[in-house]
Amino acid sequence: MIGLQIGLEMSVLPPRGAAPVVTARLRDLIAAGRWSPQEALPPERRLAAELGCSRETLRRALSALASEGLIWRHQGKGTFLGSAPSGGTLAAPVPLQQLLEIASPHDLIEARLIFEPALAAAAALAADGAAIKAMRQLARATGTAADWRDYEKHDDAFHKAIARASGNALLSGIYAHLVTMRGRARWQRHHDAVFRKARRLEYATEQSALHLAIVEAIAAGDPQAARQAMHDHLAAIRALLRAADNPERGTRNEFFIT
């Protein structure tokens, strides 16, 4: 009966990208006894094919189950049913690149809200005249972007310039890895949606002003003001992301015509 039930469950494939559906399907399979305690789950490629989803969606579902304690993962060995065994055998930390693959745009902006204000504060103590001049030019360029891709290019360069100006190669390197997610399709879709919810000139003017406020705080050598200015800028982006996800708000004039 268990085999028949599993067969029926697996015959109804979830829509692609539906991580909650895939998570629920995996919970059902676990409850039905598909795998024994501490048994290794199939490799990601095979399991994703069985469930009819992408590997990215599967990873998000597996991360949800791991946070619930239903499975544990060991780098290089696989994913196992149950809790990590005691006696010092613990699941290895999830590699940063894998975390970036399963993170959502909202995960990214929350991480940036924690990380970047500290970078701005450090830059206020370490940036030289050339770095400040470059940051000011990039801040102004975001206000005159011709389209959303142009804005994204200048905005990305602006924030990376602040990271470099912190004078801490380790922090700058970590930040560079963190923002690789900006090139992923999921971020680009959300960013495009944000721009479609706001008028181009209004958005460009507001964000450029927030960028310039960060630069002026750094130029003044005021770490607390730089920290607050960066927080205000990223909090504004977070609010726009949330608004873009709320269909009841409708759409305003497109920010950039695509």
Side-chain angles (χ1 to χ4, degrees), residues 100 105 108-184 187-188 190-241 244 253-258:
L100 293 174
L108 175 60
I109 199 65
E110 293 295 342
R112 292 179 65 189
L113 269 163
I114 294 172
F115 198 71
E116 289 194 61
L119 281 176
L125 299 174
D128 59 20
I132 292 169
K133 180 180 179 180
M135 287 185 282
R136 189 175 282 118
Q137 289 174 339
L138 288 167
R140 289 172 177 156
T142 59
T144 59
D147 54 43
W148 74 266
R149 291 179 181 84
D150 194 34
Y151 176 88
E152 181 81 350
K153 178 183 71 175
H154 292 306
D155 183 64
D156 183 50
F158 172 74
H159 287 275
K160 286 179 178 176
I162 291 175
R164 289 193 299 272
S166 71
N168 188 312
L170 176 60
L171 291 178
S172 181
I174 293 172
Y175 176 75
H177 279 287
L178 177 65
V179 294
T180 59
M181 185 179 167
R182 293 180 64 152
R184 298 183 183 279
W187 171 263
Q188 294 295 336
H190 273 71
H191 213 184
D192 186 38
V194 165
F195 293 154
R196 289 175 181 274
K197 295 282 288 188
R199 287 186 289 269
R200 180 181 70 84
L201 291 178
E202 178 182 321
Y203 182 92
T205 300
E206 290 176 355
Q207 296 308 313
S208 180
L210 290 169
H211 286 157
L212 285 169
I214 298 167
V215 176
E216 296 312 320
I218 291 173
D222 188 335
Q224 290 303 319
R227 182 188 300 272
Q228 187 62 51
M230 179 64 79
H231 179 275
D232 292 346
H233 165 51
L234 295 174
I237 299 297
R238 178 176 60 183
L240 288 168
L241 281 172
N253 294 338
E254 287 190 359
F255 175 82
F256 289 124
I257 298 174
T258 57

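Nearest heavy-atom pair across P117 and R112 is CD-O, 3.4 Å. The shortest heavy-atom contact between L113 and L234 is CD2-CB, 3.6 Å. The two atoms that bring G143 and S208 nearest to each other are CA-CB, 3.6 Å, heavy atoms only. Across all non-hydrogen atoms, the minimal contact from L138 to A161 is CD1-CB, 4.2 Å. The two residues M230 and A120 come nearest to each other via the heavy atoms CB-CB, 3.9 Å. When all heavy atoms of L178 and A111 are compared, the pair lying nearest together is CD1-CB, 4.2 Å.
Contacts of K160 classified as side-chain hydrogen bond (donor to acceptor under 3.5 Å, both in side chains), with partners at least two apart in sequence or in another chain: D156.
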Exercise. Determine, step by step, whether R136 and E216 satisfy the side chain to side chain contact (heavy atoms under 4.5 Å, CB included) criterion, reporting the C-alpha distance in whole Å, the side-chain angles of both residues, the deciding distance to 0.1 Å, and the verdict.
Key: CA-CA 8 Å; R136 189 175 282 118; E216 296 312 320; 3.1 Å; yes

Quiz item: Between M135 and I214, is a side chain to side chain contact (heavy atoms under 4.5 Å, CB included) present by the stated rule, with each step listed?
Solution: CA-CA 9 Å; M135 287 185 282; I214 298 167; over 6 Å; no

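Residues E116 and H231 are not in side-chain contact: their nearest non-hydrogen atoms beyond the backbone lie 4.5 Å or more apart.
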Could you pull out all donor-acceptor pairs under 3.5 Å where a side-chain atom in residues 164-171 meets a protein atom, sequence neighbours excluded?
from, atom 1, to, atom 2, distance (Å)
S166, OG, A163, O, 2.6
S166, OG, N168, N, 3.3
N168, OD1, L170, N, 3.0
N168, OD1, L171, N, 3.0

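To the nearest 0.5 Å, atom CG of residue D155 and atom CD1 of residue I237 are 7.0 Å apart. Distance NE2/H154 to NE2/H159: 13.5 Å, rounded to 0.5 Å. Here the straight-line distance linking atom OG1 of T142 with atom CD of E206 works out to 12.0 Å at 0.5 Å rounding. Note that CD1 of I132 is 11.0 Å distant from CD1 of I162, once rounded to the nearest 0.5 Å. The CZ atom of F158 sits 6.5 Å away from the NE2 atom of H233 when rounded to the nearest 0.5 Å.
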